[in-house]
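Report on the following structure.
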Amino acid sequence: MIKSKRNGGYLFVLPAVIFMMIFIGYPLIYNIILSFQNVDLAALTSGNKSFVGFDNYKQLFRMEVFGVSVKNTIIYTIGSVVFQVALGFFLALFFSMKFRLAPFLRGVMMVAWLIPLTITALLFKFMMGESGGIINEILITWGITDNPVQWLSDPKIALWSVIIANIWVGIPFNMLLLSTGLSSLPDDVYEAASLDGANWFQRLIHITLPLLKPVILVVLMLGFIYTFKVFDLVYVMTGGGPINSTEVLSTVAYRFSFDEFKFSLGAAAANILFLILFVVSLIYLKFIKDDEVA
């Protein structure tokens with residue numbers, strides 16, 4: 001009886017396993033194999049795919065654009081995640097005060113996260129335009145600057161402009177997760193601390209943050225995984241420019257594969273991105289397992 005129930009459970013899981021193997025497993029394995037071959041447009045047409053071992057990876061590490069993309073990806077990810085979590089945390093604290101308009105304002109905040117990322121990228125691209133962009137118009141009107149800021153055409157600030165756009169997108173999601181964590185904290189601990197004379201800041205430092213640590217770690221890990229693989233926001237706003245100043249690993253892989261038709265180099269770049277995220281995912285799973293044990 002128990003065995004038949006177990007077999008029935010396997011039958012329910014089987015469609016999901018088949019779907020994962022076809023649409024995720026096969027492309028992943030094919031991409032790994034492709035990275036060890038020399039495949040360009042001519043080789044793809046003729047079917048002559050010669051095995052070259054780790055030559056594609058060696059070539060990648062010798063390229064300046066690859067090193068720039070790794071650095072930009074790290075800066076983009078850390079800059080985005082730190083501000084998203086920090087601002088999301090303070091907004092979660094604000095909405096946890098349970099005033100009358102809190103549910104409505106929290107719902108309005110979620111609109112930024114619900115808008116498709118390509119639409120958000122286009123909006124920020126227009127708002128940061130040198131001529132007619134609303135951000136430059138405001139800065140000039142308020143006397144903050146005399147000349148329009150070259151948000152997307154200056155190599156020194158283009159990456160930070162994309163980071164600002166991504167921070168705006170990610171704040172509501174982080175706020176929602178952290179709000180859920182705050183709502184699960186026990187009220188009696190805060191009541192006891194208030195009776196002992198602890199003020200708001202002391203309760204925040206000594207009660208809220210320690211109790212919320214597992215949630216914060218999970219939010220940081222999820223934010224890192226989600227942000228590190230960015231493509232659409234960067235591609236729509238800057239296309240990796242100017243002068244490779246906003247190139248990230250995903251845009252480099254795309255450019256090699258679909259602009260220069262160096263499919264093996266693109267596959268190698270994508271595999272490096274996958275490997276980094278795979279390691280981070282293992283760390284994330286370890287955090288979840290340790291939290292369940294605790």
Inset, instruction - Please confirm whether the backbone N or O of I74 pairs with a side-chain atom of T77, one donor and one acceptor, at under 3.5 Å? - result: no

Inset, instruction - Taking N199 for its side chain and F201 for its backbone only, find out whether a donor-acceptor pair lies under 3.5 Å. - result: yes

Inset, instruction - Check the pair I157 / M128 against side chain to side chain contact (heavy atoms under 4.5 Å, CB included), numbers first and verdict last. - result: CA-CA 12 Å; I157 63 174; M128 292 178 171; over 6 Å; no

Legend entry - M20, CE atom: more than 12 neighbouring heavy atoms under 6.0 Å: no

Inset, instruction - For S264 and V39, indicate whether the former's side chain and the latter's backbone hold a donor-acceptor pair under 3.5 Å. - result: yes

Inset, instruction - Look up atom CG in L211 and atom CZ in R203, then write down how far apart they are to the nearest 0.5 Å. - result: 13.0 Å

Inset, instruction - Check the hydrophobic clustering (I, L, V, M, F, W, Y; side-chain heavy atoms under 4.5 Å; chains of links allowed) and say if W142 and I135 are grouped together. - result: yes

Legend entry - Atom pair CD1/CD1 of I24 and I29 - distance to nearest 0.5 Å: 12.0 Å

Legend entry - Main-chain N/O of Q37 paired to N56 side chain as donor or acceptor, under 3.5 Å: yes

Inset, instruction - Drop me the distance from D146's CG to I140's CD1, to the nearest 0.5 angstrom. - result: 8.0 Å

Legend entry - Polar side-chain atom of N136 near backbone of V149 as donor-acceptor pair, under 3.5 Å: yes

Legend entry - Worked verdict on F89 versus V219 for side chain to side chain contact (heavy atoms under 4.5 Å, CB included): CA-CA 10 Å; F89 176 69; V219 170; over 6 Å; no

Legend entry - Side-chain donor/acceptor of N271 to backbone N/O of A267, under 3.5 Å: yes

Legend entry - Atom CD1 of I134: over 12 foreign heavy atoms under 6.0 Å: no

Legend entry - Heavy-atom side-chain proximity of D55 to N38 below 4.5 angstrom: no

Inset, instruction - Look only at the side chain of S69 and the backbone of V248, and say whether a donor-acceptor pair between them is shorter than 3.5 Å. - result: no

Legend entry - L282, CG atom: more than 12 neighbouring heavy atoms under 6.0 Å: yes

Inset, instruction - Describe, in one word, how the ring planes of F228 and F224 are oriented to each other, choosing from parallel (under 30°), tilted (30 to 60°) and perpendicular (over 60°). - result: parallel

Inset, instruction - Without swapping roles, check the side chain of T246 against the backbone of A158 for a donor-acceptor pair under 3.5 Å. - result: no

Inset, instruction - Rounded to the nearest 0.5 Å, what's the gap from CD on Q202 to OG on S194? Could you check? - result: 10.5 Å

Legend entry - Heavy-atom neighbours of F54 CZ exceed 12 at 6.0 Å: no

Legend entry - Test item: side-chain donor near acceptor, E247 and T251, under 3.5 Å: yes

Inset, instruction - Please round to the nearest 0.5 Å and tell me the distance separating atom CG of L34 and atom CG of L265. - result: 10.0 Å

Legend entry - Passing candidate, ring pair (Phe, Tyr, Trp, His ring centres under 6.0 Å) with F231, options Y76, F258, Y254, Y226: Y254

Inset, instruction - Kindly compute the distance separating CD1 (I276) from NZ (K229), expressed to the nearest 0.5 Å. - result: 14.5 Å

Inset, instruction - Kindly assign one of parallel, tilted or perpendicular to the pair F61 and F66, based on the angle between their ring planes and the thresholds 30° and 60°. - result: perpendicular

Legend entry - Residue M21 excluded, over 12 heavy atoms near CE under 6.0 Å: no

Inset, instruction - Kindly give the heavy-atom pair with the smallest separation between P155 and I243, and that separation in Å. - result: CG-CD1, 4.0 Å

Legend entry - Heavy-atom donor-acceptor pair, Q84 side chain to N166 backbone, under 3.5 Å: yes

Legend entry - Non-hydrogen atoms of N72 and S245 that approach each other most closely: ND2-O, 3.1 Å

